[in-house]
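Positions are given from 1, in the same order as the sequence printed here. Start at 1 and go down the list; that is how both ligands and their atoms are numbered. What's counted below: heavy atoms across the whole structure, side chains too, no hydrogens, waters or symmetry copies.
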Amino acid sequence: MTDRTWENLQRGDSAAIWHPYAPALGGHEVFPVVSASGVRLDLADGRQLIDGMASWWCAIHGYNHPTLNAAVESQLNAVSHLMFGGLTHPPAVELAQMLVALTPPGLDRVFFSDSGSVAVEVAMKMAIQYWYALNRPKKHKLLALRHGYHGDTFGAMSVCDPVTGMHHLFGDALSKQFFAPAPECPFDGPCPDTEMAEISALLSQHGRDIAAVIVEPVVQGAGGMRFYSPEYLVKLRALCDHHEVLLIFDEIATGFGRTGKLFALEHANVAPDILCLGKALTGGYMTLAATLCNDRICDGITNSEVGAFMHGPTFMANPLACATAIASIQLLLSQPWQSTVRRLQTELAAGLAPARAFDSVAEVRTLGAIGVIELKKAVDMRTIQPMFVDRGVWIRPFGKLIYAMPPYIMESADVATLTNAMVDVVAHL
Ligand SMILES: *Cc1c(COP(=O)(O)O)cnc(C)c1O
């Protein structure tokens, strides 16, 4: 066992580990966590942080939850992993049935994978293989929105925002896709037809080359934490149908209640042809993702010459992960989660409102259990990160965005500590 002191963990980490979007060699300080329970992270030096990030949207029930722990333990004693080629198991069957029942009618077929990015790759491949099966192989491009984020693998990267994404680093190695402007219509307003002008023109001009449009419904997450009018999705669905283009919703961040609806698409009552789920699917316990599709896609691919859908991750439908997902979804649905998320929205909105007074702040916005302070200038991560830790909270800003999406179990007093810390840090920038 390694020495778990703060210094030793930091030293060992900086000697051997790459962190996400960070230089190696300890260029950015990392904070060792030795355990976590509820909404609190226990640091190796004995301090505790109130977690405002839910480990990037995932830990909706908080950490070390007895119900989820029990689900893992019970499945561990049955079987922890099985290849999915030719075999199946109860947690996969039950979870698939649950997802089909909870998502809009028509999304009846589930493909499991092990991360959100792969769920997006799978969605893109389904769309492309569908048109290939219909003898329209030219329809293999994607149309995405600016400020979108869909993951870090090559296909997913190609549909991320071309400016804030990683296009400039990978250049010609990325597939060239089509991009429409990010919606400007606010969440609580209508979506005028002028919003749709550019995407409509792109679809008219290039529809015969486009397999699918991919969007994050209502909330654009890591590409800018932007909220937009659900009516946009209604109009987008009609445009896609008109131009014979499939529609993919990426609900990897928004799924499982975060925006106040179980899925963000419910704000618009629009069903996509393909739906990607991940992040909070297992309550943040294990890595699992799912891509759901409708009969049109499923039958199109199945009735083609190839017949099979050509993808198969080694760890797809991992039984431990599926069992935990079932427990997490049951736990969520067994509680008055809508009123919990409404309470969090009210508290985040009230707690972050004072930040509007600062010159450095461009906008403060909240939707569901998401609270965002958008600054005018990007923050310096090296100086701002310890400021949150010093105030006893875990907030991980990026660019101009200081935001929170707490575990749903967070109590009012902790939300207040969190939002006070956010406002206070902004005041001291
Ligand atoms: C996080 C995220 C992904 C990628 O998921 P990973 O599990 O990190 O691969 C894709 N789309 C959206 C909207 C996300 O928020």
Side-chain angles (χ1 to χ4, degrees), residues 18-22 53-60 103 111-127 142 144-162 164-166 174 177 179 182-183 212-228 233 247-259 261 263-265 267 272 274-292 311 313-318 321-322 324-325 328 367-370 372 396-399 401 403-405:
W18 280 111
H19 280 266
Y21 315 108
M53 304 302 291
S55 281
W56 279 336
W57 312 87
C58 296
I60 53 176
T103 53
F111 189 97
F112 288 111
S113 58
D114 33 25
S115 77
S117 299
V118 175
V120 168
E121 298 283 335
V122 165
M124 292 170 67
K125 282 176 74 171
M126 278 179 178
L142 276 286
L145 299 182
R146 292 185 185 274
H147 285 292
Y149 176 78
H150 300 286
D152 289 354
T153 52
F154 269 85
M157 261 200 297
S158 78
V159 289
C160 289
D161 184 278
T164 61
M166 288 170 273
L174 286 189
Q177 313 288 14
F179 288 93
V213 172
I214 181 165
V215 302
E216 297 152 276
V218 178
V219 174
Q220 293 188 292
M225 303 298 293
R226 303 171 86 262
F227 312 144
Y228 64 88
L233 301 171
L247 182 57
I248 303 171
F249 282 173
D250 177 352
E251 290 240 19
I252 290 167
T254 49
F256 304 102
R258 184 57 67 179
T259 69
K261 302 278 188 187
F263 300 104
L265 56 81
H267 290 287
I274 304 176
L275 174 67
C276 300
L277 302 174
K279 291 208 162 101
L281 176 56
T282 64
Y285 262 54
M286 252 166 285
T287 175
L288 181 71
T291 308
L292 283 79
H311 203 91
T314 305
F315 281 95
M316 74 183 288
N318 173 261
C322 289
T324 316
S328 173
L367 177 62
I370 312 169
V372 184
R396 178 81 177 160
F398 70 85
L401 300 164
Y403 63 106
M405 54 265 197

- Atoms of ligand 1 less than 4.0 Å from Ser115 heavy atoms? 7 (O), 9 (O)

- Item | Check: Ala369 main-chain N/O paired with Arg258 side-chain donor or acceptor under 3.5 Å | yes

- Note on the structure: atom 11 (N) of ligand 1 has as its nearest protein heavy atom Asp250 OD2, 2.6 Å

- Please report the closest heavy-atom contact between Phe112 and Ala317, naming both atoms and the distance. CB-N, 3.5 Å

- Query: Quick one: which ligand 1 atoms are inside 4.0 Å of a heavy atom on His150?
  - Reply: 10 (C), 11 (N)

- Message: So if I count the atoms of ligand 1 from 1 in the order they appear, which ones are less than 4.0 Å from some heavy atom of Lys279?
- Response: 1 (C), 2 (C), 3 (C), 14 (C), 15 (O)

- Query: Which residue owns the protein heavy atom closest to atom 7 (O) of ligand 1, what's the atom, and how far is it?
  - Reply: Gly116 N, 2.9 Å

- For Ala264 and Val218 the tightest heavy-atom approach is O-CG2, 3.7 Å

- Counting from 1, what ligand 1 atoms have a heavy atom of Gly151 closer than 4.0 Å? 4 (C), 10 (C)

- Item | Closest protein heavy atom to atom 8 (O) of ligand 1, given as residue, atom name and distance to 0.1 Å | Ser117 OG, 4.3 Å

- Within reach of ligand 1, part of Tyr149 (heavy-atom separation under 4.0 Å): both

- Task: Work out which heavy atom in Ile60 is nearest to a heavy atom in Ser328; give both atom names and the distance.
- Result: CD1-OG, 4.2 Å

- Note on the structure: d(Met124 CE, Leu142 CG) to nearest 0.5 Å is 4.0 Å

- Item | Smallest separation among heavy atoms of Pro183 and Gln220, with atom names | CD-OE1, 4.1 Å

